[in-house]
Amino acid sequence: MPYASITGWGEGMPPAVLSNEDLSTFLDTSDEWIITRTGMKERRVSHVSAIEMATVAASRALACAGLDPADLDLIIYGGCSNEEAVPNSASGVQVALGATRAASIDLNTACTSFLYGLTTATAMIRTGVVRNAVVIGVELISRYMDWSNRNVAVLFGDGAAAVVLQATDREEGVIGSVLGCDAESRASLRVRGVGCGYAGKGITFGDTLWDFDGQVIFKHAVKGMSDASGKVLANCGVTADQVDLVVPHQANLRIIEAVAKYAGVPMEKVIVTVHKYGNMSAATVPVSLVEALSLGRIRPGSLILMPAFGGGLTFAALLVRWGERVTPLGTSPRSLSPNTKTALELVSEIRATQDPHGRSRAGLMGVRFVEEGRGAGG
Ligand code: ACO
């Protein structure tokens, strides 16, 4: 049975930077509060679509692997920022890449989508369904952020990155994977206003209300990521001191530090990008992985632990054995369309579309869900 080596990697990060000071111009918050509670200093706001970010990331990953898009078998678009439900976003990436043979799947488990996608693509390669795949982690959260809510607006950012997987006989790529979901707590993180449950309620798309219980999520995040990390190491017969690098989900510096402590891995071995990019949900792990490679933090044969959690509340921990190559075979000429606006200008445009009189919000509050009424539905 073949393994699925990671042979290509690339990012599609938008350039506009939104600082804590920028957020303080329209929210009752401060640089000091945000840094102390989260470790975040900046995040990116995209001027292009999620599909464009994903396409640039995938194109760079394919060039890095030396793989022609026409030879690609599978695209997994991981994330919860879909432009449309039908057609799916992976098909948009497929047509933009010219990957005419590729099966195209959208996969949404919120922040864990990239790791669920990596596990899915690995399984499909190992069982012979496909020989190669692109797995993308991408989010465009700025377009449906509730910019009036300081509890969440300071935490998130936009971004994308992708990897290429290829069949190999060497024991490389994902060698262990633990996936799960604490669904009893699914109501602790809900974005009201996106989805067919809101149809016919007079709600404007993008004018959202976030149900967000930060402290509940924090506790589940630490437990879910720590337990899954312990399990994947045990399943693979690996001890914490054998791990060369941890590339965790980046939701909060304090969560990352707690998970590293439980896993028994020193912070020197942990990649941290949350100060630069905030929480990009599904994009945090692949963007951090690409950054680790560009910094020379990954060496041939490195053993890499990747824990994450997200809405659902889903959790995941993967163990990856890196291959021989840590440098790209080639580069892609693709880049994002030019941007002329500041991040604050981009956010102001989105805020202008959000209902200042709260009409959408009244509708959003009226929509009930399964766990609120235990089956009562919308
Ligand atoms: N600026 C200033 N004050 C704020 C802000 C802000 N941006 N946000 C909240 N506050 C205030 C609140 O109003 C509250 O004030 P009060 O005590 O007077 O009511 C207080 O700060 C909240 O303090 P704490 O609850 O003690 O804050 P905590 O230390 O728990 O940090 C945080 C909050 C950062 C949200 C933390 O709980 C967290 O990181 N949770 C996990 C969040 C997360 O992981 N989200 C991702 C979800 S999954 C995914 O990745 C998609």
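Start at 1 and go down the list; that is how both ligands and their atoms are numbered. Sequential numbering from 1 along the given sequence is applied to the chain's residues. No hydrogens, no waters, no symmetry mates; every other heavy atom, side chains included, goes into these values.
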### Task
With heavy atoms under 4.0 Å as the rule, classify the contact between Ala110 and ligand 1 as side chain, backbone, both or neither.
neither
### Task
Determine whether the side chain, the backbone, both or neither of Leu27 has a heavy atom under 4.0 Å from any heavy atom of ligand 1.
neither
## Note on the structure
Quick note on ligand 1: atoms under 4.0 Å from a heavy atom of Ala251 include exactly 44 (O)
### Task
Number the atoms of ligand 1 from 1 as they appear, then name those within less than 4.0 Å of a heavy atom of Ile217, with their elements.
43 (C), 44 (O), 47 (C)
#### Entry: Centroid separation Phe309 to His220 less than 6.0 Å
no
#### Entry: Donor + acceptor pair across side chains of Glu139, Ser281 (<3.5 Å)
yes
### Message
Please list the nearest protein heavy atom to atom 6 (C) of ligand 1 with its residue and the distance rounded to 0.1 Å.
### Response
Thr29 OG1, 3.3 Å
### Query
Tell me, which protein residue and heavy-atom name are nearest atom 50 (O) of ligand 1, and how many Å apart are they?
Cys111 SG, 2.3 Å
#### Entry: salt_bridge(Arg170, Glu324) N-O dist < 4.0 Å
no
### Task
Report the nearest protein non-hydrogen atom to atom 41 (C) of ligand 1: residue, atom name, distance rounded to 0.1 Å.
Gly214 O, 3.5 Å
### Query
Can Asp158 and Ser142 be counted as having a side-chain donor-acceptor contact under 3.5 angstrom?
yes
### Query
Are Phe369 and Arg192 close enough, and set up right, to give a side chain to side chain contact (heavy atoms under 4.5 Å, CB included), and what steps lead you there?
CA-CA 10 Å; Phe369 291 92; Arg192 289 179 187 257; 3.9 Å; yes
#### Entry: Candidate with minimal heavy-atom separation from atom 23 (O) of ligand 1, of Gln250, Glu139, Glu32, Arg37
Arg37
### Task
For atom 19 (O) of ligand 1, decide whether some protein heavy-atom distance is shorter than 4.0 Å.
no
### Task
Select one of side chain, backbone, both or neither to describe which atoms of Asn252 lie under 4.0 Å from any atom of ligand 1, heavy atoms only.
side chain
### Message
Quick check on Thr38 - does any of its heavy atoms sit under 4.0 Å from an atom of ligand 1?
### Response
yes
### Message
Would Arg254 count as being in polar contact with ligand 1, using the rule that some N or O on each side must be under 3.5 angstrom apart?
### Response
yes
### Task
Report, in ascending order of atom number, the atoms of ligand 1 lying under 4.0 Å from any heavy atom of Gln215.
24 (P), 25 (O), 26 (O), 30 (O), 37 (O)
### Query
Tell me, which protein residue and heavy-atom name are nearest atom 15 (O) of ligand 1, and how many Å apart are they?
Arg150 NH2, 4.3 Å
### Query
Going by heavy atoms in the side chains, are Asp28 and Arg150 under 4.5 Å from each other?
yes
#### Entry: 4.5 Å side-chain heavy-atom contact, Tyr277 and Thr284
no
### Query
With distance as the sole criterion, is a donor-acceptor pair present between the side chains of Thr109 and Thr314 under 3.5 Å?
no
### Query
Which residue owns the protein heavy atom closest to atom 47 (C) of ligand 1, what's the atom, and how far is it?
Leu189 CD2, 3.5 Å
### Message
Closer than 4.0 Å to some heavy atom of Phe309 - which atoms of ligand 1 meet that?
### Response
44 (O), 48 (S)
### Summary
Among Trp33, Phe218, Phe212, closest by heavy atom to atom 45 (N) of ligand 1 is Phe212
### Query
Going by the order shown, which atoms of ligand 1 are within less than 4.0 Å of some heavy atom of Val154?
7 (N)
### Query
Does the pair Asp182/Lys223 count as a salt bridge with the N-to-O cut at 4.0 Å?
no
### Side-chain ion pair, Glu11 and Arg60, N-O less than 4.0 Å
yes
### Message
Closer than 4.0 angstrom, basic N to acidic O: yes or no for Asp73 and Arg101?
### Response
yes
### Task
Indicate whether atom 32 (C) of ligand 1 is within a distance of less than 4.0 angstrom of some protein heavy atom.
no
### Message
Once you measure the plane-to-plane angle for Phe156 and Trp210, does it fall in the parallel (<30°), tilted (30-60°) or perpendicular (>60°) bin?
### Response
tilted
### Task
Quick one: look up the protein heavy atom nearest atom 9 (C) of ligand 1 and list residue, atom name and how far away it is.
Asn151 OD1, 3.0 Å
### Query
Mind checking whether Lys341 and Glu349 have side chains closer than 4.5 Å, heavy atoms only?
yes
### Query
For atom 46 (C) of ligand 1, which candidate among Thr314, Thr36, Asn279 provides the closest heavy atom?
Asn279
